[in-house]
Amino acid sequence: MDMKQIEAKWQAKWEKDKLNYFNKKNVDKKFYCLEMFSYPSASKLHLGHWYNYGLTDSYARFKRMKGFEVFQPMGFDAFGLPAENFAIKTGKHPELTTLENIETMEGQLKAMGAMFDWNAEIKTCMPDYYKWTQWLFLKLYENNLAYRKEAPVNWCPSCNTVLANEQVDDGHCERCGTQVIKKNLTQWFFKITQYAEELLSCLDGLDWPEKTKAMQKNWIGKSSGGEITFTAESGDEFKVFTTRADTVFGVSYVVLAPEHPLVKKLTTEDRAKDVEKYVEETAKINEIERLSTTREKTGVFIGAYAINPANGKKVPIYAADYVLYSYGTGAVMGVPAHDARDYLFAQKYDLPVNVVIRNPKGETELPYCEDGMLVNSLTFDGLSSEDARKAILNSLSKEGKGQHKTNYRLRDWLVSRQRYWGAPIPMIHCPHCGTVPVPYKDLPVELPKDVEFRPDGKSPLAKCESFVKVKCPVCGADAERDVDTLDTFVCSSWYYLRYPDNKNEDMPFDPEIINQMLPVDKYVGGPEHACMHLLYARFITKALRDMGYLKFDEPFTSLTHQGIILGPDGNRMSKSRGNVVSPDTYIEEFGSDVFRLYLMFGFDYTEGGPWDDNGIKSIAKFVERIERLVTKVCSYKPEKNVQIGKEEKDLLYAEAYCVKSVDRDMNVFSFNTAIARLMEFVSAINKYDGLSEKSNSLILKAVDTLILLLAPCAPHFAEELWAMRGNKKSVFLEDYPVCDENALVKDEVELAVQINSKVKAKINVSKDATDDEIKAIALANDIIKKIVGDSQVVKVIIVKGRLVNLIVK
RNA sequence: GCGGUCAUGGCGGAAUUGGCAGACGCAUAAGACUAAGGAUCUUAUGAGUAAUUUCUCGUGCAGGUUCAAGUCCUGUUGACCGCACCA
């Protein structure tokens, strides 16, 4: 069969018949199947795209044949750093290259033969889309979910530019090798932390991989404890967060993060030089290193002291890089006796170790980090750690020096980027009115085309005078636009809401439509998005719900991660390794259906693995085998009466078993086993067909079932076979085969007979034999009789349909 | 470092969720068909041992729970993914 020709033929027919377009009339049967949209890269569709889109398309087609009205859209996450970097290198405008790349990828995606609804396409870099990204920003601002504060960025002092983390190579600029430092800029944040609790608690109800839920849970990082206020001698107060308020009487020092504003203020003159140097050094180290527990703890005494509110004792204040300004309050209390990290720190800086918790079960070895019984803690002595935590915080809160507090590791989402190729932040800075939102009627704030985006220390948009200069929408004075752009994660945090109503010019989406079409029923994408994209999207959904636009709580009801296809050498594919496998050559040789079938068959979908093309030829043979079979049986004439004998029963069993297995496997993305069952079925049909006495009717029925089951996995090929069988309608308009449960019932079942848990023999028993009968048959077996001999059977375990285990003494 | 995942024949991978380990396929071998076979069909294929239908071992490693463990528990080794400005 000429695969290329039939691919083109059926793709054209599907398009002509509008087969793949969602029919709004059937919205009550909707199934929203979504794949994470792709970044339009210059290197075209790679194996990963195919693996995600091709195989999920088979799942979508399966759902369609199961009677759902499937909505499967596709689009492009088109803003982002690579296009901008490419532009800096080559001078080609990001818009030009991005749109070129999109066009290429659209062509390839169409050639894949997936049932994408191209009417619903979106591209995030187009004004008709980012207008609504900006709308989203304004709505969040309006609802106090967007705010500005200072935050550090990676700064290369030589290139004079902000660097993304990935552009920092071991603390140095990837372009020029200069040591990267941290620099504070005022930037926009989304208040995702306001939803921390709900983002955590709703995880339980989601049909998501457990590992993904676990990762999000840890990412949100809820911990219960308290805040305790320490007072510096200067009178300045600062709070520390602790989960171990029971150890507060053991505090021998406190630590401020080097970035903490009080560090500068409280440092005494004689310590200023050392402290300044230390803070400078800290700016060069990234957070992963700072938090490493194996790295030696460093810190510097700032010369000032603070009062412990619990006992009034004066303790020294240190600045140390193991405390992060972004987590908790940016300050911690040091209790060397009961915290491993503090213990090491105290030893290094010769600080006192005050034992305040005793091990109730024996020796109190330091550092003792478990719960225990309080000592040296005044009126709290004798309490358990658990009770003391409550009591101490209650007591401190009466004096206004402490309170119970739940803390989250989750931080607010920094959305400002000092970049060109992104959606402009729709805000205006007015010398009189302050920060003013762009009025909705003035959206979109268009990204100017003629901009110098080579790095020179400023946001590219800051250099575009025609963009920056604007009248204040409130007072009309000369004002300036915000010159930063939005993180591309903002674009992708709401795109699934735009697809079903992508041409709406008045709203980002019509709530009435969206509340019918969402939530997404199945979302498929890589596990690398477990914490960021998937959390951001959940947050935005909840925020929009609270504003009254949405009636659902979660965007993605069910989630599946595809695995990663590695290069043949077992490493991640990359140009530098030279192990990139392109789908194109295989598609050229075997066609897209064979390629898709091989991806389905060769890997565990959620695991992925190294590419190996040995198997693809066997899939091509499998396809040819089916073609020969169908060609042959097309000339068969069905007979009126069918005699059902043993061979016929076997064939009907094989058919029912295949339908049942493939149905179940397709539903859970277990494509490799589904294809394996189809292979078995083909063998079973061939075997029956080889008999001298056979029923043509049964063979024809089996072959039709085979084609229907195969259709989602090899769409063009199955259409062609279906037409060969004389059908005029598309195979995708047929119903999915239903398993004949009666055919699955075997009169006899085979059981393994174990003696002391080791298999020794097999027996056949009637399907409804009682336990006593099974036992009798097992004991009557010659081999078993011999082994059991004179020993006594003390116990019999029967697992229905599986085995019988005789425990013998 | 923290968080997460994984480990099964020569290879890719199955195992109904605690019940016959190795489905299906690749590779290999033997045979059939053939003028020919890199096509097609049939059979065999975890390791060792026995040599008909035997026994033993076997799911990274070391323990444990259980009548029964690839699956559950404890420890351990290795590989991979994410870590907040790649998308």
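Model, not experiment: these values are computed from the prediction.
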What does [X] touch in the nucleic acid at a heavy-atom separation under 4.0 angstrom: a base, only the sugar-phosphate, or nothing?
| X | answer |
| --- | --- |
| A:Ser492 | nothing |
| A:Val796 | nothing |
| A:Gly422 | nothing |
| A:Trp413 | nothing |
| A:Val759 | sugar-phosphate |
| A:Glu84 | nothing |
| A:Gly602 | sugar-phosphate |
| A:His529 | base |

task: Look at A:Asp412 together with A:Lys191 and state whether they make a salt bridge at an N to O cut-off of under 4.0 Å.
output: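 The answer is no: the pair does not qualify as a salt bridge.
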
- request: In plain terms, say whether A:Lys632 and A:Asp689 are close enough for a salt bridge, that is, a side-chain N and a carboxylate O under 4.0 Å apart.
  value: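 Counted as a salt bridge, because a side-chain N and a carboxylate O are separated by less than 4.0 Å.
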
message: Test of understanding: with side chain to side chain contact (heavy atoms under 4.5 Å, CB included), list the residues that count as partners of A:Asn764, not counting sequence neighbours.
response: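 If we apply the side chain to side chain contact (heavy atoms under 4.5 Å, CB included) test to A:Asn764, skipping adjacent residues, the hits are A:Glu748, A:Glu750.
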
task: Tell me the stems RNA chain B sits in, counting at least three consecutive Watson-Crick or G-U wobble pairs, each under 3.5 Å on both distances.
output: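 Paired runs of 3+ in RNA chain B: B:1-7 with B:77-83, B:10-12 with B:24-26, B:28-32 with B:40-44, B:46-48 with B:55-57, B:60-64 with B:72-76.
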
field: A:Tyr605 OH to B:G13 C1', straight-line distance once rounded to whole Å
entry: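 Result: 17 Å.
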
task: Could you tell me the separation between the CG atom of A:Asn218 and the P atom of B:G82, rounded to a whole number of Å?
output: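 My rounded result for the distance is 17 Å.
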
- prompt: How about A:Cys658 and A:Glu680: do any of their side-chain heavy atoms sit closer than 4.5 Å?
  reply: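 When only atoms from C-beta onward are counted, A:Glu680 and A:Cys658 do not touch, as no gap falls below 4.5 Å.
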
- request: Could you identify which residues of residues 617-628 of chain A place a heavy atom less than 4.0 Å from some atom of RNA chain B, listed by residue number, or say none?
  value: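 A:Ser618, A:Lys621, A:Arg625, A:Arg628, in order of number.
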
- request: Go through the steps to decide whether A:Phe345 and A:Tyr322 satisfy the test ring-ring contact (aromatic ring centres under 6.0 Å, His included), and finish with yes or no.
  value: CA-CA 10 Å; A:Phe345 192 84; A:Tyr322 72 88; 5.6 Å; yes

Show each protein N/O and nucleotides 63-70 of chain B N/O combination with a separation under 3.5 Å, one pair to a line.
{"from": "B:C67", "atom 1": "O2'", "to": "A:Ser757", "atom 2": "OG", "distance (Å)": "2.5"}
{"from": "B:C67", "atom 1": "O2", "to": "A:Asn805", "atom 2": "ND2", "distance (Å)": "2.7"}
{"from": "B:A68", "atom 1": "O4'", "to": "A:Ser757", "atom 2": "OG", "distance (Å)": "3.2"}

message: Does A:Glu607 contact B:C6 through a side-chain donor or acceptor facing the base, at a distance under 3.5 Å?
response: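 Counting by modelled atom types and ignoring angles, no donor-acceptor contact under 3.5 Å is found here.
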
- prompt: Do the side chain of A:Glu528 and the base of B:C86 come within less than 3.5 angstrom through a donor-acceptor pair of N or O atoms?
  reply: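 By the distance-only test, no, there is no pair.
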
message: For a quick test of reading the model: is some side-chain N or O of A:Thr488 closer than 4.0 Å to OP1 or OP2 of B:A87?
response: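 It does, given that an N or O in the side chain of A:Thr488 lies less than 4.0 Å from OP1 or OP2 of B:A87.
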
message: Counting the benzene-type ring for Trp, do A:Trp413 and A:Phe489 have ring centres under 6.0 Å apart?
response: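 Centroid distance A:Trp413-A:Phe489: not below 6.0 Å, so no.
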
From the list [options], which nucleotide is the closest neighbour of the side chain of [X]?
| X | options | result |
| --- | --- | --- |
| A:Trp219 | B:C83, B:C24, B:A87 | B:C83 |
| A:Lys760 | B:U56, B:C11, B:A23 | B:U56 |
| A:Leu803 | B:A23, B:C20, B:C85 | B:C20 |
| A:Met215 | B:G4, B:G13, B:G25 | B:G4 |

message: Both A:Ile675 and A:Ser670 contact RNA chain B. Which one's nearest nucleotide lies toward the 5' end?
response: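 Looking at RNA chain B, the more 5' nearest nucleotide goes with A:Ser670.
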
query: salt bridge (charged side-chain N to carboxylate O under 4.0 Å, His left out): which pairs involve residues 208-220 of chain A, sequence neighbours left out?
result: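 Salt bridge (charged side-chain N to carboxylate O under 4.0 Å, His left out) check on residues 208-220 of chain A returns A:Glu210-A:Lys213.
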
Do any side-chain atoms of residues 755-762 of chain A form donor-acceptor pairs under 3.5 angstrom with protein atoms, and if so which ones, sequence neighbours left out?
{"from": "A:Asn756", "atom 1": "OD1", "to": "A:Val808", "atom 2": "N", "distance (Å)": "2.8"}
{"from": "A:Asn756", "atom 1": "ND2", "to": "A:Val808", "atom 2": "O", "distance (Å)": "3.4"}
{"from": "A:Ser757", "atom 1": "OG", "to": "A:Asn805", "atom 2": "ND2", "distance (Å)": "3.2"}

